[in-house]
Amino acid sequence: MASIWQYANPAKFMRLSDTLLPWVSLAAALCLVGGLIWGFFFTPDDFRQGSTVKIIYLHVPAALMAINIWFMMLVASLAWFIRRQHISALAAKAAAPIGAVMTVIALLTGAIWGEPMWGTWWVWDPRLTSFLILFLFYLGYIALWEAIENPETASDLTAILCLVGSVFAVLSRYAVNFWNQGLHQGASVMRAGAIAGDTEERVSNVFAAPLFMCIAGFGLLFVALILMRTSTEIRKRRAAALMARERMS
Amino acid sequence: MALAVENLSVARGGLPLLAGVHFRVAAGQALILRGPNGSGKTTLLRSIAGLQKPTSGRVECAEDAIAYAAHSDGLKSNLTVSENLAFWADVFGNDDISPALEGFDLKSLSDRPAHALSAGQKRRLGLARLLVTGRPIWVLDEPTVSLDQTFVAMFADVVKSHLAGGGSALIATHIDLGIEAETLDISVFKTDPTADLGAFDEAFL
Amino acid sequence: MALAVENLSVARGGLPLLAGVHFRVAAGQALILRGPNGSGKTTLLRSIAGLQKPTSGRVECAEDAIAYAAHSDGLKSNLTVSENLAFWADVFGNDDISPALEGFDLKSLSDRPAHALSAGQKRRLGLARLLVTGRPIWVLDEPTVSLDQTFVAMFADVVKSHLAGGGSALIATHIDLGIEAETLDISVFKTDPTADLGAFDEAFL
Amino acid sequence: MMPDLGKYAGTVLSAYGASIILIVGLVWLSVRAAKKSKKALDKLEQNDG
Amino acid sequence: MRALLRRDLTLAFRSGGGFGLGLAFFLIVAILVPFAVGPENALLSKIAAGILWLGALLACLLSLDRIFALDWEDGTLDLLATAPVPLEMVCAAKALAHWLTTGLPLTLAAPVLGILLSLPPEGYVWLIASLLLGTPALSVIGTFGAALTVGIKRGGLLLSLLVLPLYVPTLIFGAEVARRGAEGLTVTTPLALMSGVSLAVIAVLPFVSALVLRVNLR
Amino acid sequence: MRALLRRDLTLAFRSGGGFGLGLAFFLIVAILVPFAVGPENALLSKIAAGILWLGALLACLLSLDRIFALDWEDGTLDLLATAPVPLEMVCAAKALAHWLTTGLPLTLAAPVLGILLSLPPEGYVWLIASLLLGTPALSVIGTFGAALTVGIKRGGLLLSLLVLPLYVPTLIFGAEVARRGAEGLTVTTPLALMSGVSLAVIAVLPFVSALVLRVNLR
Ligand code: HEM
Ligand SMILES: Nc1ncnc2c1ncn2[C@@H]1O[C@H](COP(=O)(O)OP(=O)(O)OP(=O)(O)O)[C@@H](O)[C@H]1O
Ligand SMILES: Nc1ncnc2c1ncn2[C@@H]1O[C@H](COP(=O)(O)OP(=O)(O)OP(=O)(O)O)[C@@H](O)[C@H]1O
Ligand SMILES: [Mg+2]
Ligand SMILES: [Mg+2]
């Protein structure tokens with residue numbers, strides 16, 4: 001069994017991605033549509049939050065993805081530094097816009113949810129605030145990619161930004177926590193999985209199953225998108241290389 | 001051998017420009033690089049000076065031996081001529097700027113801020129910087145742009161005495177400098193643009 | 001007479017440089033300005049182009065007849081070669097940039113962003129701008145800086161055909177362009193630095 | 001078929017609407033970019049012969 | 001002058017700089033204010049209208065030096081001055097391009113940031129109205145300031161210093177409109193005053209800017 | 001690297017740009033805030049500490065692009081990279097020069113502006129202390145951002161976008177110190193945290209900046 005690094009070869013990666021993409025897309029669509037329909041049509045209202053609980057099927061998966069995608073970019077950046085295979089850098093580049101959109105979804109659905117629950121669209125709660133900061137990091141990262149012309153320089157600099165940014169993101173999280181103690185729910189998805197959710201604070205079983213399905217759907221959607229977008233980036237690079245050669249002759 | 005370049009390939013903007021460049025410059029000698037516009041002289045010189053990574057090949061020379069001068073002279077328009085020189089002298093650990101001032105006839109301009117110089121005067125100041133670096137290998141990219149005949153001759157004199165002192169020089173230029181030196185036309189190292197892109201692996205760059 | 005300069009005096013940084021400059025350039029003719037570095041060529045050309053006020057004297061020519069080109073070419077590094085030219089063509093009310101592209105052999109570079117050009121290629125683009133202005137009098141300050149011999153010749157051809165079409169040109173340069181034209185050494189108009197400052201009234205500027 | 005969303009109908013529907021628009025938009029843009037790059041590359045490689 | 005306007009807009013989009021980054025700055029000021037003054041909603045909603053106006057003004061200010069500086073450095077301005085277009089038109093086109101790439105997006109983004117600073121619901125309409133009427137004045141005044149400082153290397157901060165006092169009337173009336181709007185008071189007087197300032201400035205300043213530019217190019 | 005530091009300071013004084021204008025910007029923000037949020041003293045004194053911190057931060061931010069951009073444009077950076085000085089030292093000297101020409105004067109000016117915003121008397125000591133400990137971090141982080149965006153034409157606003165989220169921890173702790181100080185509460189925890197952040201940043205980031213610069217010069 002060869003190492004997974006063989007797929008860092010663009011041609012092999014493209015072949016892999018071409019074979020995987022239809023299946024992953026299909027699975028993503030099934031989970032996402034299924035989970036959302038299940039959650040939206042076939043779960044009861046919460047006794048306290050009424051029908052607004054249905055927002056959880058979007059909010060929580062998006063929030064989880066938002067953080068995890070940044071984490072994936074961090075890993076890809078490290079891989080770029082260590083192995084210097086362009087796929088890693090390109091995958092990080094391809095992931096950033098997805099992460100940014102996920103952050104926006106989490107922020108939007110959260111804000112929409114907050115209006116009936118807390119009586120305001122926005123509070124400077126630590127969790128929400130750190131999401132906003134995360135969004136800024138995504139924006140800066142994308143903007144830096146766009147601004148630098150030389151692809152190798154751009155890979156290096158954005159990777160450094162990702163590393164330094166991660167450290168500062170964690171630091172900001174603590175700073176924000178110190179600055180304001182929050183209103184937001186504690187993380188209970190994981191506990192809900194472990195202990196069968198019973199307390200009202202936790203996500204109870206009725207909601208848990210479709211929620212997990214949606215989380216899986218978002219995850220698969222991310223995988224499908226990243227395969228597609230990384231291939232796009234590879235093709236763009238190759239096209240640029242070909243074009244340059246053509247111009248020379 | 002002061003500077004030896006072996007099998008060097010350079011690229012610009014992801015485009016291979018030159019491949020297999022090789023030459024040697026001995027102490028006390030100069031080499032003139034020629035080549036039509038856009039052939040890659042600037043790119044080659046930057047690679048040799050260490051400002052850009054060559055795609056392959058080696059540049060061999062003593063460490064910290066190269067003084068590079070290109071179109072941008074690194075002058076601060078708010079500082080005077082002598083302050084500009086003094087700064088670079090200081091960075092390179094020298095403290096006497098008067099030979100540099102004399103070498104390019106800048107004595108009379110020494111208190112003039114750099115923004116009040118004409119194109120040729122700026123250029124002279126940029127070249128005078130070479131003298132305060134105290135480095136043996138000069139790598140120069142079109143050094144005589146904007147200079148009139150008198151100062152081209154003066155520049156040639158400075159280069160000659162640098163060579164006489166055991167230094168060496170690598171100069172890209174389009175005009176005749178009046179320096180006795182070998183000439184190398186870099187267009188012979190031009191890469192073949194029709195070469196195959198390879199097995200589409202990392203070569204997509 | 002396309003351009004007539006009469007008794008022109010120019011100053012730079014409050015310092016009188018040239019006085020009593022006078023010459024005429026007829027339609028179909030060119031005039032080459034020479035002079036050592038720092039003698040005031042740039043200052044003179046800027047005054048003639050109307051970018052600087054002469055201290056005295058007159059420049060006579062038809063209104064809006066001068067196209068000026070100096071070291072800075074007014075290129076936007078983010079725009080492509082043809083976009084850069086198209087912008088200037090548009091400003092000057094033309095719409096065909098292909099003669100300009102052909103005149104300086106820029107066809108193959110036309111989709112390249114300006115920052116990805118070499119020094120000489122940038123210069124050619126800057127000169128191509130002259131062709132889209134459609135103006136009869138070209139005022140050029142060291143136009144061939146960074147150009148190799150081939151392109152100096154190409155530039156000379158463009159100037160010649162401009163002259164043949166009834167245009168005229170005023171060119172400051174240090175090298176030999178291969179254009180048949182009168183040459184004027186501006187050092188003859190150098191102001192006498194020992195001249196009296198006058199009655200110390202308005203002359204303190 | 002439509003469940004009764006009660007007084008929060010607007011809230012829930014706008015949350016779903018906004019998210020679905022964003023997701024579909026992202027997918028659409030990604031697919032379009034992929035198609036465009038594929039076309040451009042195919043054309044170039046054809047030229048290469 | 002359509003050519004110039006078109007080119008400026010292309011450049012703003014293509015360089016990824018002009019457009020979007022002003023917005024980003026605005027966003028960031030709005031986000032940092034709570035970190036600086038503390039997270040209480042009551043306090044924030046009191047200062048929201050004013051801070052948003054101030055933030056928009058600063059975001060506008062930061063992009064001013066792009067108006068002429070780039071064209072100056074690469075010699076475009078010299079060449080434009082010898083081209084057959086009146087400099088007045090150049091100044092007007094520049095100001096318009098600046099507004100389209102900063103003032104307008106800022107105005108459209110303001111309501112979103114209003115949410116972050118818990119601006120009272122009554123405030124939104126008047127915030128947008130005042131920004132829509134006020135930002136053109138900011139662009140025109142800024143163009144004047146940029147014309148004054150053209151040719152000064154990195155004149156960015158000097159530019160701010162010159163322009164800020166000129167921004168004071170617009171800021172006072174604009175913020176007053178937004179603040180009164182947020183408190184549910186009538187806004188006619190400051191609105192009328194601000195519109196007056198904007199109109200006068202738009203009518204007169206491009207000519208002054210052209211004059212200044214001419215002096216600077218000489 | 002004394003040569004570089006000395007030259008940077010000379011340039012900052014001589015160009016009349018770096019030095020003084022950051023101060024002026026700070027002054028103007030402090031002056032404009034009352035215009036924007038209204039003149040009530042009670043409200044102002046509540047937000048004074050935070051606004052002063054924010055103003056200092058913005059003033060600092062605006063001068064960041066001077067750190068490397070000028071040296072990049074005229075080729076000095078290329079030449080420095082081939083000179084016998086470690087780039088780490090260059091970055092440290094640049095950050096120090098930036099702090100001496102902005103952070104320090106801003107800190108000294110803050111108390112004066114505190115009067116304008118009716119900062120409570122207890123606040124002054126802690127405002128100065130927090131600025132004195134916090135602004136070096138701002139300069140060092142800013143140098144990192146400037147190194148990232150060097151070579152991007154007019155990268156000023158991109159620079160702000162990149163640097164501002166990095167400023168969040170310093171701002172939060174710094175403003176918290178100043179705010180608690182103004183309210184007469186104890187400040188030890190945020191002060192310790194801020195000093196920790198500053199120290200860590202000063203110790204590590206110059207090396208990262210040098211790395212970034214090397215990549216950019218390549
Ligand atoms: C705009 C604002 C909001 C943001 C950025 C946000 C962010 C997040 C994040 C990051 C999570 C994931 C937590 C985890 O599982 O680790 C989460 C979960 C959750 N959020 Fe929000 N949220 C926002 C507003 C709201 C509002 C207004 C509500 C409703 C009252 C809410 C209710 C929840 C619930 C119930 C969970 C699931 C908690 C769990 O079981 O893990 N959120 N939110
Ligand atoms: N970013 C880029 N992308 C593609 N090609 C580029 C890029 N930058 C430069 N080039 C090309 O690389 C080639 C070499 O440029 P270089 O500046 O080294 O030439 P040169 O020999 O110094 O020419 P000159 O005599 O005109 O200065 C040129 O043909 C130029 O068009
Ligand atoms: N601000 C200033 N103050 C004083 N003298 C100045 C100022 N600017 C330029 N000069 C001087 O004016 C003279 C004329 O400069 P100009 O640029 O016109 O020369 P030039 O003939 O174009 O020279 P070159 O061939 O070097 O380009 C020079 O000697 C220069 O030193
Ligand atoms: Mg070159
Ligand atoms: Mg000249």
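Labels below follow one simple rule: chain letters A, B, ... track the order of the sequence lines, proteins then strands, and each chain is numbered from 1. Worth knowing before you read on, the calculation uses all heavy atoms, side chains too, and leaves out hydrogens, waters and symmetry mates.
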Can you tell me if CH2 on Trp126(E) sees more than 12 non-hydrogen neighbours from other groups inside 6.0 Å?
no

Suppose a student defines contact as a heavy atom less than 4.5 Å from any heavy atom of chain A. Which residues in residues 41-59 of chain E would they list?
Asn41(E), Leu44(E)

Is it the case that more than 12 heavy atoms not belonging to Tyr124(E) sit under 6.0 Å from its OH atom?
yes

Which distance, rounded to the nearest 0.5 Å, do you find between the CD1 of Ile31(E) and the CG of Leu132(A)?
4.0 Å

At their closest point, which heavy atom of Trp179(A) faces which heavy atom of Pro34(E), and how far apart are they?
CZ2-O, 3.2 Å

How close do Phe35(E) and Ile133(A) get, counting heavy atoms only, and between which atoms?
CZ-CD1, 3.9 Å

So which bits of residues 114-121 of chain E come within less than 4.5 Å of chain A, counting non-hydrogen atoms only?
Ile115(E), Leu116(E)

